[in-house]
Amino acid sequence: MDLHSRVPSGPIELKWDKHRFEMKLVNPANKRKYTVLVVGSGLAGAAAAATLSELGYNVKCFCVQDSPRRAHSIAAQGGINAAKNYRNDGDSIFRLFYDTVKGGDFRAREANVYRLAQISVNIIDQCVAQGVPFAREYGGLLANRSFGGAQVSRTFYARGQTGQQLLLGAYQQLEKEIARGGVAMFPRTEMLDLIVVDGRARGIVVRDMVTGRIETHIGDAVVLGTGGYANVFYLSTNAKGSNATAIWRAHKRGALFGNPCYTQIHPTCIPQAGEYQSKLTLMSESLRNDGRVWVPTRAGDARPPDQIPEEDRDYYLERRYPSFGNLAPRDIASRAAKTVCDEARGVGPGGLGVYLDFADAIGRVGADAIRERYGNLFEMYERITDENPYRVPMRIYPAVHYTMGGLWVDYNLMSSIPGLHVIGEANFSDHGANRLGASALMQGLADGYFIVPATVSDYLASTKLEKIDATHPECRLVQEETAVSTRRLLGIKGTRTVDSFHRELGRIMWDKCGMARDARGLQEALARIPELREEFWRNVNVPGSDTELNQALEKAGRVADFLELGELICRDALHREESCGGHFREEYQTEEGEALRNDELFAYVAAWEYTGRDAEPRLHREPLDFEYVHLAQRSYK
Amino acid sequence: MNRLQVLWQSTVGKKAVMAVTGLVLVAYLISHVLANLLVFDGPERVNRYAALLHGTGGALWSARLVLLVAVILHVVAAVQLTLRSRAARPSSYVAGREPQASTLASRTIRWGGALILVFLVYHILHFTTGGAHPEFIELNPYHNVATGFRNPLVAGFYAIAMIAVGLHLYHGVWSSGRSLGVSRPSPRPLHRRLALALAAFVWLGFTAIVVAGYLGVFGRAG
Amino acid sequence: MNLILHIWRQASPSVPGAMVRYEARDISPDMSFLEMLDVLNERLMERGDAPIAFDHDCREGICGSCSLMIDGLAHGPHRGTATCQLHMRSFRDGAEIRIEPWRARAFPVVKDLVVDRGALDRIIAAGGFISAPTGGAQDANTILVPKPDVDTAMDAAQCIGCGACVAACPNGSASLFTASKLTHLGLLPQGQPERYARALTMVRRMDLESFGHCTLHGECQEACPKEISIDTITRMNRDFLRAGLTAGRAAVAESD
């Protein structure tokens, strides 16, 4: 298999314009003859479905939630970047491009990132036209803030609910098209397999989650916008329903999986309180502007924080990174927290937490000023933990938050299966090894509103597709296989619940393939995960039947996929013998503990090919060239 | 479909009809209570006022027609909306629903309304046509009031009905501004206090007459 | 802590349901309400019983999936809180807790505590949008929006579409849901061209979905996890009445 990134030639700032002109168009009268299947209704999926319908295509849109408005994009808090330069502070498309490539630790494709920065400008215009209530200045102009350590203020926001407002904007456009008849919406419907006919994606097999009916939908192109796979770690900030089933099953039908080991860990989450914990809650990183991070100096010090005197406290970020202190970048802060907890100096239940102390800040500026800045966050923290952070230091711990990896796509966002397009967090494309704050929303909407509608048109216009229906032998085969594997899960009737397997997998992934990884741990995980998978298929207990709403069955299918994906993530992490962005290998660090990239050997995208059950996946490499942003070591000195 | 049909067929339109008719009836009630309070001033003025009203002939009947139409529209809309709200929740909560914000007035508005309707029929028979008043004298409201409340059952019924009227007004006056979309957004709305003052005034005014009548404050003069 | 739970069980829309009694032992007060149900479900499955179906997803109060009537209160006893943000420390040890699904004709029960809230999507589809197809939008800063307007619009736009307003309303009305979208879009300059037509079509759809009417009890505002004010309903009424009384024939015709 050859990996063609299909990046157009020419200067980077002209590539997308040139490409848009060169792409073929579908005659307006013919568009309604084409059916496009869009799976997922988050920012990317809803935007793509609405826009494709506006163009005149027949669209079918599928989501697992009871309404397309509930996709997990809704939970994004901070904001969305755009190179508008409304602040006149030196921002530009090139600067956003530059920051994103560098922030991604030089593991993203330059041309994609440049296009993203270009389109960021249109996204804001589009969203404002739709009525997204972005924050405003008193003069009525849009407000901006600087976010995630950026030197310019390019982040647009709607209070702490930017993701919600952007998603509702896309959802409303989607509902408009549903009412017009352009989109048929299938809520509570889960994609379970991809149908590939003559090497092209031609349909999907879905399960109606209410009736249990397994159905086939045929289309001329398939678009997956099904989000990331952070839930492979069991505990993450993702929604409980977020899963990798759609992309994983497409992977097993031939789509390459790009950079699976790039996972992002957010340093300021509320720590796990007990074994029963179902998910983790993220708190804005801005807390580190005023909070001081510390743990007891002595291992096993169980005194309450107010009884630990200054001399027995270790402000480890300030000690290890004197110039950045508590504002050290996400990955550094996260790893440092893990290190002190590994030394048995962690605080709170299970010793998995560090203090984020506001006592000094309150002493300096007063409790009212702190309330002004972080009131809502303190309230949220208190609601969850029942501790008052004005009096007791907060406890925080890192948590998995976003996955930069995903299905490999070319410049057209098409996977290695022709006709299968992948957008948003589900693809691997724009963030390299690390995503910058306020960039996820930007990428989802760029893909959904502006890129995939154009490239799907090009694909349809330049492809001759044979007419098929659900009786095609390939469709029947895939549908039958899906029904069989569903029944198989129900037939095991073992003794362990699905969640207990998921929790165990999560623990392996977190311990061996979390914030810091090493070859030995990864090898242990690679030995342990197949055993767990084997036990799952022998001993899982999935009650109920396949002809009703069966949440245990839904979960079982997803966990079965995580048990395979987890192995691939570890394999990818093991093969990448360098540290970059969200992937930190203990063996590859500078003396100061910084990530040590190896551009000579690893400046490529690792795209994995599925070769069969229990067979080793095959690695393909897409080399990355950096023409415009020169390779450099990140530094926080 | 014409505009009036659009309004009448929608829940929001029907509520607006209830608000407008309700406000018409409230306006009438205010004049009614003010006029009736004249009984405390002795027979002369209140009887003169009654004669004056009857002297207008057509105007009185026009006013009565307006009130009748208002009552009919108010009641028909209320009944239809109530049936609709019953249908909107065919199976109720097994554990009940804990009220959080609703007031006694808002929760009793339907049964209170029904009680007021029954009262209204009796009240017309009692004081307007006289069929239900043993000592009724045409065009002598002072006498009719003075004698009408001596019976404790009658006075009791009136007193209860006036409580219903007061509660009905408290919620109705407040909510009508919102149903018509004219109240200004506010966490402590002025019209809530206005509704309270109005409801209290109407209730106190009428109740004072009932109590006074029962206690025999009004002589049999006139 | 130990709890006695009475939970609505209903196998499918067509069969009658009933409250079933469960004992939940050794529950940590730090658990969220949904985690408590997770634990109960794990134990039910270990015993070979069918777990209780309930909707949930983000578990941080923003997706609007969770939907439980807890002791007669939508989303439980706290103000401005979705069920997923409720913690067991809000209950006393030994408490009996009754858990039911949202009840409304427009929200048929799918299974146990899961209901179908598609009616809310259909209200949005009836006009809860600004017709702004992708492409061709003018520069964002050419539309000026006064800050107080955008702040009020944002207060309303926070609606998470959970349906608690309907569940808590004695009349089963979706007025707060509909009104919050009308307020959000109706306050912004971009929303003006379709403002009155939108009020007509959304209210019409709300009525067609067999929701009840608003009698301004204010229960919805108390139940709303985002504390959206019934002031939005006043705005809805104003826009609807204005549309019905003064908007052109075209707007009325369009709503047919």
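Reminder, nothing fancy here: chain letters follow the sequence lines and each chain counts from 1.
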Could you list the residues that satisfy ring pair (Phe, Tyr, Trp, His ring centres under 6.0 Å) with Phe91(C), not counting sequence neighbours?
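Listed in chain order: Phe33(C).
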
With a 3.5 Å distance limit and no angle check, can you tell me whether [X] reaches the backbone of [Y] through a side-chain donor-acceptor pair?
X: Glu98(B); Y: Asp71(C); result: no
X: Arg84(B); Y: Phe211(C); result: yes
X: Arg89(B); Y: Cys169(C); result: yes

So which residue, [options], ends up with the most heavy-atom pairs under 4.5 Å with chain C?
options: Gly13(B), Gly181(B), Ala95(B); answer: Gly181(B)
options: His171(B), Lys15(B), Arg107(B), Gln100(B); answer: Gln100(B)
options: Ala87(B), Ser183(B), Ser179(B); answer: Ser179(B)

[X] atom [atom1], neighbour heavy-atom count above 12 within 6.0 Å:
X: Trp8(C); atom1: CH2; value: yes
X: Arg79(C); atom1: CZ; value: yes
X: Arg192(B); atom1: CZ; value: yes
X: Tyr214(B); atom1: OH; value: no

Using a cut-off of under 4.5 Å on heavy-atom pairs, state which of [options] scores highest against chain B.
options: Ser175(C), Ala74(C), Gly172(C); answer: Gly172(C)
options: Ala18(C), Ala104(C), Pro170(C), Cys214(C); answer: Pro170(C)
options: Ser173(C), Ala168(C), Ser229(C), Ala106(C); answer: Ala168(C)
options: Val203(C), Thr152(C), Leu73(C); answer: Leu73(C)

side-chain contact (heavy atoms from CB on, under 4.5 Å) evaluation trace for His213(C) with Lys14(B)
CA-CA 9 Å; His213(C) 66 296; Lys14(B) 260 190 192 129; over 6 Å; no

Which pair of heavy atoms, one from [X] and one from [Y], lies closest together, and at what distance?
X: Arg103(C); Y: Tyr93(B); value: N-OH, 3.0 Å
X: Gly212(C); Y: Ala88(B); value: N-CB, 3.4 Å
X: Val182(B); Y: Thr234(C); value: N-CG2, 4.2 Å
X: Ser85(B); Y: Asn171(C); value: OG-OD1, 3.2 Å
X: Met206(C); Y: Thr11(B); value: CE-OG1, 4.0 Å
X: Val6(B); Y: Leu200(C); value: CG1-CD2, 3.9 Å

For chain B, which residues from residues 112-124 of chain C have at least one heavy atom closer than 4.5 Å to it?
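Counting heavy atoms that sit under 4.5 Å from chain B, no residue of residues 112-124 of chain C is involved.
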
What parts of residues 215-225 of chain C touch chain B if we use heavy atoms and a cut-off under 4.5 Å?
Thr215(C), Leu216(C), His217(C), Gly218(C), Glu219(C), Glu222(C)

Any luck finding a side-chain donor-acceptor pair between Asp207(C) and Ser10(B) under 3.5 Å?
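No, no side-chain donor-acceptor pair sits under 3.5 Å.
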
Give, for atom CD of Gln10(C) and atom OG of Ser91(B), the distance between the pair rounded to the nearest 0.5 Å.
8.0 Å

Could you tell me which portion of Ile230(C) (side chain, backbone, both or neither) has an atom closer than 4.5 angstrom to a non-hydrogen atom of chain B?
both

Keeping to residues at least two apart or across chains, list the salt bridge (Lys or Arg N to Asp or Glu O under 4.0 Å) pairs with something in residues 157-182 of chain B.
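Of all non-adjacent pairs touching residues 157-182 of chain B, those that pass salt bridge (Lys or Arg N to Asp or Glu O under 4.0 Å) are Arg178(B)-Asp231(C).
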
